[in-house]
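All of these numbers come straight from a predicted model, not from anything done at the bench.
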Amino acid sequence: MRRPVQAALLVLSGLALLRVSLFSDLYLRYVKAGMRPLLIASGAVLLALGLAEAWSWYRRRRHDGDHLPPRTAWLLFLPVLSLALWAPPALGAYTAAREAPKSTTTQPQDFDPLPATSPLPLTLGDFTDRVRQDHTKAIRTRTVQMTGFATPAGHGGGWYLTRLIINCCAADAQSVKVRVYSTPSPKPDTWVTVTGTWHPHGTLGTATAEVALDAHTLKNIHRPTNGYTDALPLG
């Protein structure tokens with residue numbers, strides 16, 4: 001690869017990384033928040049290397065008459081330009097519908113008493129654990145509130161309230177799902193907060209209990225900043 005192409009690719013790669021990590025929060029579509037300093041540092045290093053390479057090539061060209069690279073070499077810019085000018089969307093319903101749900105243990109456990117708050121804010125994982133592992137069946141009559149995005153459920157009726165969890169980056173995402181009944185499905189990838197009660201199917205506190213909710217209310221929301229965690233939304 002000729003030096004001007006190398007320099008331009010380094011500069012564009014650095015600018016693309018800085019765009020998604022330093023000047024916006026688009027990096028959260030691909031990696032965890034803790035990776036931001038590394039992305040910013042990587043972008044700055046690539047930009048500096050690219051500028052140094054371009055300056056070195058320019059000085060050499062003035063003395064040696066270096067030629068421009070072949071036209072086909074410029075095709076290498078397309079992937080970098082796509083990241084610099086257009087960031088792919090965050091993972092959502094398409095990925096979740098094809099991901100196996102995050103595995104959870106089904107052995108009974110001892111849980112702390114539930115707060116008296118109503119509706120009770122819960123993560124999807126906490127709701128799943130309460131439904132399938134809490135032998136006290138404390139969740140039976142409680143009105144809970146959960147947040148996630150809509151995913152089609154296919155057979156069986158209802159739809160899924162979903163969260164995707166990443167350990168490092170989008171490539172290792174796992175899904176947590178709660179089936180929702182009693183309300184029409186929002187459009188896929190729509191972020192919502194759902195309030196409702198456990199859908200009585202199976203024996204509560206055992207693996208036979210369906211992780212499902214009879215919805216009472218549904219409210220559309222913006223995607224929270226911690227959208228790649230199974231946590232209560234931060235905003």
Side-chain angles (χ1 to χ4, degrees), residues 19-21 24-33 35 79 82-104 119-132 139 143-202 209-235:
R19 173 184 174 251
V20 301
S21 59
S24 72
D25 61 0
L26 291 174
Y27 73 99
L28 292 173
R29 297 182 180 182
Y30 322 111
V31 297
K32 298 182 72 172
M35 300 289 288
S82 68
L83 180 59
L85 301 177
W86 175 79
L91 300 181
Y94 180 85
T95 300
R98 290 156 180 78
E99 283 284 336
K102 187 176 184 295
S103 60
T104 57
L120 175 65
L122 284 179
T123 67
L124 274 63
D126 288 342
F127 181 77
T128 300
D129 291 342
R130 288 283 183 172
V131 167
R132 291 193 164 176
I139 202 74
T143 299
V144 300
Q145 184 180 77
M146 294 182 289
T147 296
F149 61 86
T151 301
H155 301 293
W159 51 279
Y160 283 120
L161 186 68
T162 310
R163 295 295 287 260
L164 285 171
I165 307 170
I166 64 174
N167 294 316
C168 174
C169 59
D172 63 18
Q174 291 182 295
S175 63
V176 182
K177 301 176 183 177
V178 173
R179 192 182 288 264
V180 180
Y181 297 100
S182 304
T183 185
S185 174
K187 292 182 179 179
D189 292 320
T190 301
W191 279 85
V192 295
T193 294
V194 181
T195 300
T197 53
W198 175 64
H199 176 76
H201 186 271
E210 184 179 10
V211 183
L213 195 73
D214 284 327
H216 300 164
T217 65
L218 183 148
K219 178 183 177 182
N220 289 9
I221 64 168
H222 294 293
R223 185 181 190 272
T225 56
N226 59 338
Y228 277 147
T229 62
D230 182 32
L232 300 179
L234 293 177

Keeping D230 on the side-chain end and L124 on the backbone end, is there a donor-acceptor pair under 3.5 Å?
yes
The side chain to side chain contact (heavy atoms under 4.5 Å, CB included) partner of L161 among T151, V192, T193, L213 is V192
Are M146 and V194 close enough, and set up right, to give a side-chain contact (heavy atoms from CB on, under 4.5 Å), and what steps lead you there?
CA-CA 5 Å; M146 294 182 289; V194 181; 5.6 Å; no
Nearest heavy-atom approach of A153 to G158 is CB-O, 3.5 Å
Taking all atoms of both residues into account, what is the closest heavy-atom pair of T195 and P119, and its distance?
CG2-CB, 3.9 Å
Supply the atom-to-atom distance K177 NZ to T128 OG1, rounded to the nearest 0.5 angstrom.
12.0 Å
Nearest heavy atoms of T183 and A215, plus distance in Å
CG2-CB, 3.6 Å
Does the R179 side chain pair with the main chain of V211, one donor and one acceptor, at a distance under 3.5 Å?
no
Okay, side chain of R223, backbone of D189: is any donor-acceptor separation there less than 3.5 Å?
no
Is there a side-chain contact between I139 and L122 (heavy atoms, below 4.5 Å)?
yes
Would you find more than 12 non-hydrogen atoms of other residues, nucleotides or ligands less than 6.0 Å from H201 atom NE2?
no
Main-chain N/O of F127 paired with W198 side-chain donor or acceptor, under 3.5 Å
no
Check step by step if side-chain contact (heavy atoms from CB on, under 4.5 Å) holds for T147 and L232.
CA-CA 7 Å; T147 296; L232 300 179; over 6 Å; no
Once you round to the nearest 0.5 Å, how far does OG of S182 lie from CG of L218?
11.5 Å
Any heavy-atom pair between the side chains of S175 and L164 that's under 4.5 Å?
yes
Verify, without hydrogens or angle tests, whether S24 (side chain) and R19 (backbone) share a donor-acceptor contact under 3.5 angstrom.
yes
Which atoms form the tightest heavy-atom contact between P224 and R163, and what is the distance?
CG-NH2, 4.3 Å
Considering all heavy atoms, the nearest A212-Y181 contact
CB-CE1, 3.6 Å
So, taking the atom named NE2 in H199 and the one named CG in D214, what distance separates them when rounded to the nearest 0.5 Å?
5.5 Å
On a heavy-atom basis, the closest approach of W191 and G227 is CH2-O, 3.8 Å
Would the distance check show the side chain of R132 and the main-chain N or O of A209 forming a donor-acceptor pair, the cut-off being under 3.5 Å?
yes
